[in-house]
*Asks:* 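The structure's right below; bear with me while I get my questions together.
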Amino acid sequence: MDARRIIAAIRDRRPLVKADYTSFANGLADGSVSDSQAGAFAMAVLLNGLQGQGRVALTEAMRDSGQTLGWALPGPVIDKHSTGGVGDCVSLVLAPALAACGAYVPMVSGRGLGHTGGTLDKIEAIPGLRTTLDEGRFRQIVGQAGCAIVSASGDVAPADRRLYAIRDVTGTVESIDLITASILSKKLAAGLEGLVLDVKCGSGAFMKTPQAAQELAQALVETANAAGCRTSALVTDMNQPLAPALGNALEVAEAMRVLTGQSFGALAGLSAALGGMALAGAGLAEDVDAGAEAIRAALQNGSAAERFGSMVAAMGGPVRFVEEWAHFLPEATVIRELKAERAGVVTAMDGEAMGLAVIGLGGGRQVETDTVDPSVGLSDVLPLGARVEKGDALLRIHAARVDHAQRAALALRAAITISDDAVPLPPLVHAELG
Ligand code: URA
């Protein structure tokens, strides 16, 4: 393989054939493509885009650069992926809810990225639970509980792992082609038949505008379908936290309230909307509305919670977690209210700043080697549109130390806007694709 020819073709906007992408991805995985060649490739793709079917070919080549799973289960194998937000714990709700509706969900998840939280960090707030499973155990849990939320083994899409690290330091993360291939190569390696994507937009998302999110959603849906995985997407709002809590144990608590039918807010609503699309796409519901109804029923009748409990126990967590989750989840030692300094209406929130405040409390990583404190974060966050009097609590800060809480309060005060007059509220769902 001549990496120079492939890079030059992209530089000159000439089409390549599938075998070129395959050999480049394999070269990334086995080290025969150098760092400088990988960087030049990424920059050429970012500047010129990939021609023709290049995006699909690169995605498939990166998917096939490592281990791919196949399944023989008595129901469809499906999954959901979010591009990342704050207070977004849909995966914890949706994986068991889909399982309760007859699907199998081998959910290979990630850790926090930038200001956003990661599903693995959240579920690991459950004492004893381990997300690093060998393939045999992963298969066993998916077969028995219907879902498992695990970290990717070192062998999944190794071309992406190498290219992602190089993009991170060469200013080439923000390419629709490269983001699409990166996200889908890992998801599709899990052997999915169907996928539903939650592409976030707004202050707490990577894509700040609905237009940018729509463009990414379109690319993801077209590419995943072309690669043989039936895929649809919602572009959803991230101008405020999805759940009224941010932070690992605090988000597990929110997910448990939804799973046990005690909470019906945006987290439950979006879980039903995404689940409806996933079930309809997989042939487990007549249409999206019937699918959403099935998800709501699974949350109400305890069957989703039962799946969650089986998964948690099988992954090393407490056997009676669903019954006694409040007893098992770690609690921060310092809890302080952030009080409104004036009366008015909450009209804007800087979701990214709120996510970073949680990281500052120790709820995420500043550098890769940091350990995460599962107990810290924010709870009882008032939604956009809430009317407050001076001195009312806007949210609660959960911290390990008083000075940490004080530092977070300063950042959070600047992140929340209180105005005299209400402004129109953003819709939860901006667009539906696929
Ligand atoms: N998440 C990924 O996995 N890859 C990207 O390129 C961006 C977000």
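The analysis underlying the following values was restricted to heavy atoms, covering all of them including side chains, and did not include hydrogens, waters or symmetry mates. Counting convention: from 1, in listed order, for ligands and their atoms alike.
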*Asks:* Relative to the heavy atoms of Ser182, which atoms of ligand 1 are at a distance of less than 4.0 Å?
*Replies:*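 Reading through ligand 1 atom by atom, the close ones are 2 (C), 3 (O), 4 (N), 5 (C), 6 (O).
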*Asks:* Looking only at protein heavy atoms, which one is nearest to atom 1 (N) of ligand 1, and how far off is it?
*Replies:*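 Sorting protein heavy atoms by distance from atom 1 (N) of ligand 1 puts Ile183 CG1, 3.8 Å first.
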*Asks:* Between Asp160 and Arg162, does a salt bridge (charged side-chain N to carboxylate O under 4.0 Å, His left out) hold up when you go through it step by step?
*Replies:* CA-CA 5 Å; Asp160 177 62; Arg162 174 114 189 278; over 6 Å; no
*Asks:* For the residue pair Ser91 and Lys80, confirm or rule out a side-chain donor-acceptor distance under 3.5 Å.
*Replies:*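 Short answer, yes.
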*Asks:* Hey, are Glu124 and Arg111 close enough for a salt bridge, meaning a charged N less than 4.0 Å from a carboxylate O?
*Replies:*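 Looking at Glu124 and Arg111, the cut-off is met.
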*Asks:* For Arg167, counting its heavy atoms only, list the atoms of ligand 1 lying under 4.0 Å from any of them.
*Replies:*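 Taking each heavy atom of Arg167 in turn, ligand 1 has 6 (O) under 4.0 Å.
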*Asks:* Can you tell me which residue and heavy atom of the protein come closest to atom 5 (C) of ligand 1, and the distance to 0.1 Å?
*Replies:*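 I find the closest protein heavy atom is Tyr164 CE1, 3.3 Å.
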*Asks:* At under 4.0 Å between heavy atoms, is it the side chain or the backbone of Phe206 that contacts ligand 1, or both, or neither?
*Replies:*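 None of Phe206 does.
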*Asks:* According to side chain to side chain donor-acceptor pair (under 3.5 Å), does anything in residues 425-434 pair up with another residue at least two apart or in another chain? List the pairs.
*Replies:*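 Checked against side chain to side chain donor-acceptor pair (under 3.5 Å) - neighbours excluded - the pairs reaching residues 425-434 are Asp237-His430.
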*Asks:* Please say whether Lys186 places an N or O atom under 3.5 Å from an N or O atom belonging to ligand 1.
*Replies:*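 The answer is yes, given that Lys186 and ligand 1 share an N or O pair closer than 3.5 Å.
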*Asks:* Does atom CD (Glu293) have a neighbourhood of more than 12 heavy atoms from anything else shown, all under 6.0 Å?
*Replies:*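 Correct, the count exceeds 12.
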